[in-house]
Asker: 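Please read through the structure below; I'll follow up with questions.
Below, chain A is the first sequence line, B the second, and so on; all start at residue 1. Atom set for the values below is all heavy atoms of this structure, side chains included, hydrogens, waters and symmetry mates excluded.
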Amino acid sequence: MVAQIAAPVSCHREMVALENVSYAYGTQQVLDGVSFVARERDFIGLIGSNGAGKTTLLRMIVGLAKPQHGQIRLFGTPIERFKDWHLIGYVPQRSHFNPLFPATVREVVLSGLYGRRKLFRRLTKEDASRAADALRTLQIEDLADKRIGALSGGQQQRVFLARALINNPKLLILDEPMSGIDNETQRNFFHLLRHMHQHHNITFLMVSHDMEMIRSYLGDEPKETSGKLSFHVRHSHDLEDCGETDLLHTLRKEG
Amino acid sequence: MDLLTAEFFQRALIGGALIAITAPLMGLFLVLRRLAMIGDTLSHVSIAGVALGFLINVYPVAVGLVFAIVASFAIEALRRTYRTFAELSIAIIMSGGIALASILFTLGKGFNLNVNSYLFGSIYTLDYTDLAVIALVTAVVLLVVLLLRKELFLLTFDEDAASVSGLPVRYFNILISILTALVISASIKIVGALLVSALLTIPAACGLALARSFRQAIALVVVIGEIAVVGGLWAAGVWNLAPGGTVVLLLITMLLVSLGSRKLRV
C-alpha cells in the first residue's frame with residue numbers, strides 16, 4: 001500500500017465553494033476559472049482593481065447572476081438546489097433605492113424577514129422584537145420611524161446591515177459597505193464587523209477597496225489570488241466559546 | 001337632485017368607487033418601480049383589443065383585457081432585455097398599441113364603433129355586466145395585495161433583495177403585470193384610455209409627497225383616488241361636465257395641494 005498523507009481536513013464546514021467559476025459580459029471575460037472555499041467563521045476580504053469582477057462574484061454567490069462555467073455551492077448544496085436563503089445576509093454596494101421611497105427604517109429592516117418562509121404568514125410580536133433588537137444593535141433605534149431617504153449614507157448603511165442581520169445569518173456578504181461614508185463612520189462600522197466576527201458564529205465575505213482596513217485585520221498577504229482578485233482571510237477560532245446563538249441578543253449585552 | 005338617484009348615475013358611482021380602490025393601489029407599486037407610464041401603454045394596447053372586440057362581435061372589455069395581458073408580458077420580457085431602460089420597452093409597446101388601434105378603428109368605420117367612448121370614457125353607459133366585471137377585478141386585486149403585501153413591498157423597494165431572500169421574483173413580476181392589465185381594462189370605460197394613467201399615477205404622486213411610511217402611502221392613495229373619483233363624478237353630474245376629465249383635473253388639484261402642504265410642513 002502506498003502511504004497516504006492525509007490532507008488536513010478542516011473541522012469547519014464549507015460555507016461557500018467556488019469551483020472553476022467563469023463569467024463574461026459579452027466578449028469581456030471578467031472572471032476566469034476562479035476557485036475558492038470559504039469556511040465557517042472565516043472573515044474574507046476580497047480585493048481587486050476596478051473591473052476585476054468583485055461585485056459580479058458576489059452577485060453570483062447570492063444567485064443574482066449565473067456563472068457561465070463552473071459550479072457554486074452554498075453550505076455544501078449546489079446553488080441551483082439551495083433553498084435556505086435566510087442563512088445568508090447580503091448588503092449590496094450602493095442600495096439603489098429611490099430616496100423618495102415612502103418607507104420607514106423599521107419597514108426596511110423588517111423586510112429582511114420576508115422570504116420563502118414568511119410567505120402568506122403574518123408578522124408576529126417576535127418579528128417586531130427582532131427588528132427592535134436589530135435597530136438597537138446598530139444604534140439606530142431613534143431613527144426607526146424616519147423615512148429611509150432622509151438618512152445620511154452612513155445611517156442608511158447601518159439600516160441595510162440591520163436588515164441583513166435580522167435573520168441571524170450564518171453568512172454575511174457585503175459589497176463595499178463603506179463607500180461614500182466618512183472616515184470615522186467607516187471605522188465604527190468596521191469595528192462593529194470585527195466584533196461580530198470575533199464573538200459570533202458568522203462568516204464574512206466582504207468586498208472592499210480600503211486596503212489599509214483590510215490589511216490591519218486580515219494581514220498583508222492574501223491567502224489566495226485568482227486573476228486580478230485576491231482573497232485575504234482571517235479565521236476566528238473561538239467557536240466553542242460562543243454558547244449563545246442569537247446574535248442580536250448577545251451583541252446587545254456586550255454593548 | 002334627480003341625477004343622484006338615477007340608476008345609471010348610481011352604477012357610475014359604484015363602478016368608479018371600486019376602480020378608485022384598485023387603480024391607485026396598483027399605480028403605487030408601478031410608480032415606485034419606475035414604471036409609471038405602463039398604465040398609458042397597456043390602456044392604448046387595450047383599446048386595440050376593444051376595437052377588435054367590436055369588429056368580431058365579442059365583449060370588447062374581455063378582448064381588451066387579453067390584449068393588455070399579452071402586452072404586459074411583452075413589456076416584462078423587453079424590460080429584462082433592456083434592464084436599465086425600463087421606459088424603453090414601454091415606449092415600444094405603446095406605439096405598437098396605438099398603431100394597431102388606429103388600423104382597427106379605420107377598419108371598423110362601417111360598424112357601430114364609438115371611438116370616443118373608449119378614448120375618453122363613458123361611465124354613464126356602464127351596464128350590469130361591466131359592473132360585475134369591475135367588482136370581480138376589485139376583489140381579485142384586493143385579495144392578492146392583502147395576501148402578498150409584505151413581499152410586494154420588498155419587491156418594490158429592492159428587487160435584488162427580494163431575489164436573495166428566495167422569493168420567486170419572476171412570478172411576482174408576472175403577477176403584477178396581470179393585475180395591472182386587469183385594473184386597466186376594467187377602468188377604461190370609466191375614465192377612458194387617454195386618462196387611465198392619471199388614476200394610476202397621480203394618487204401615487206400625492207402619496208410620495210405626503211406619506212412617511214409605506215402603510216401610510218397605501219392608505220393615502222386609496223383615499224385620494226376615492227375623493228377624486230366620487231367627487232369628480234358628482235361635480236360632473238351637477239355641472240354637466242365630461243366625467244373622465246373632471247376626475248383627472250380634481251386629481252391634479254389634489255396633487256398641487258399635496259405639494260403645497262409639504263412645502264408648508266418642511
Side-chain angles (χ1 to χ4, degrees), chain A residues 55 58-59 61-65 74 79 82-123 127 144-150 159-160 163-164 166-167 169 171 173 175, chain B residues 27-36 80 83-84 86 143-172 175 203-221 224 258-259 262 265-266:
Chain A
T55 296
L58 292 196
R59 286 179 65 83
I61 291 170
V62 296
L64 290 171
L74 298 171
I79 191 165
F82 185 72
K83 292 268 184 284
D84 298 321
W85 290 102
H86 60 275
L87 297 174
I88 298 179
Y90 175 54
V91 182
Q93 197 162 15
R94 266 162 275 116
S95 271
H96 34 74
F97 67 95
N98 189 323
L100 279 179
F101 199 103
T104 61
V105 167
R106 195 193 307 278
E107 284 174 324
V108 172
V109 171
L110 271 170
S111 77
L113 292 169
Y114 307 164
R116 213 169 256 280
R117 294 188 306 168
K118 209 67 192 167
L119 215 55
F120 304 117
R121 303 239 170 99
R122 299 174 66 107
L123 287 177
D127 294 333
D145 296 311
K146 282 234 153 79
R147 239 165 103 144
I148 177 88
V159 174
F160 289 108
R163 178 177 77 173
I166 193 171
N167 269 322
L171 171 65
I173 297 176
D175 193 353
Chain B
L28 179 64
F29 291 116
L30 296 174
V31 167
L32 290 175
R33 309 186 72 198
R34 310 298 301 274
L35 288 170
R80 256 177 288 136
R83 258 194 173 282
T84 44
L143 189 71
V144 172
V145 171
L146 209 66
L147 277 177
L148 298 175
R149 59 186 187 283
K150 302 193 307 296
E151 291 73 20
L152 287 172
F153 167 76
L154 180 56
L155 186 75
T156 313
F157 182 70
D158 187 343
E159 192 170 321
D160 281 357
S163 179
V164 176
S165 303
L167 290 176
V169 167
R170 261 194 76 186
Y171 293 111
F172 271 96
L175 184 71
C206 298
L208 285 188
L210 296 178
R212 292 174 160 270
S213 67
F214 196 67
R215 274 176 88 102
Q216 255 183 33
I218 285 193
L220 257 171
V221 295
I224 286 168
S258 312
L259 291 174
R262 190 175 65 152
R265 209 174 55 196
V266 173

Asker: Between B/V169, B/V31, B/L167, B/V164, which has the largest tally of heavy atom pairs under 4.5 Å with chain A?
Answerer: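 Heavy-atom pairs under 4.5 Å are most numerous for B/V164.
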
Asker: Who among B/S213, B/P168, B/A161, B/S165 has the most heavy-atom pairs with chain A under 4.5 Å?
Answerer: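 Of the options given, most contacts go to B/S213.
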
Asker: With chain B, which of A/Y114, A/W85, A/F120 has the greatest number of heavy-atom pairs at distances under 4.5 Å?
Answerer: A/Y114

Asker: Supply the atom-to-atom distance B/R149 CZ to A/R122 CZ, rounded to the nearest 0.5 angstrom.
Answerer: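 If we round to the nearest 0.5 Å, B/R149:CZ and A/R122:CZ are 6.5 Å apart.
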
Asker: Quick check: does any side chain N or O of B/K150 sit under 3.5 Å from a backbone N or O of A/K118, one acting as donor and the other as acceptor?
Answerer: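 The answer is yes, because a donor-acceptor pair under 3.5 Å joins these two groups.
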
Asker: At a heavy-atom distance under 4.5 Å, which candidate from B/L28, B/T156, B/L208, B/L32 has the highest pair count against chain A?
Answerer: B/L32

Asker: Hey, could you give me the CG/CG distance between A/L113 and B/L154, rounded to the nearest 0.5 Å?
Answerer: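 Result: 10.5 Å between the selected atoms.
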
Asker: Below 4.5 Å, heavy-atom pairs only: which of A/L64, A/V62, A/T104 has the largest tally toward chain B?
Answerer: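 With the most close heavy-atom pairs to chain B, the winner is A/L64.
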
Asker: Nearest 0.5 Å please: distance from the CG atom of A/L110 over to the CZ atom of B/F153.
Answerer: 9.0 Å

Asker: Which class fits the ring pair A/F101 and B/F214: parallel under 30°, tilted 30 to 60°, perpendicular over 60°?
Answerer: parallel

Asker: Go through the atoms of A/L100 and report whether side chain, backbone, both or neither lie under 4.5 Å from a heavy atom of chain B.
Answerer: both

Asker: Can you tell me which portion of B/R215 sits under 4.5 Å from chain A's heavy atoms? Options are side chain, backbone, both or neither.
Answerer: both

Asker: Checking B/L148 against chain A: side chain, backbone, both or neither under 4.5 Å from a heavy atom?
Answerer: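 B/L148 touches chain A through side-chain heavy atoms alone.
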
Asker: Looking only at heavy atoms, what is the nearest atom pair of B/R212 and A/R147, with distance?
Answerer: O-CG, 3.5 Å

Asker: Check this for me, if you would: do A/R163 and B/D158 make a salt bridge, where the nitrogen-to-carboxylate-oxygen distance has to be below 4.0 angstrom?
Answerer: yes

Asker: Starting at CG of A/L119, measure out to CG of B/L147 and round the result to the nearest 0.5 Å.
Answerer: 9.5 Å

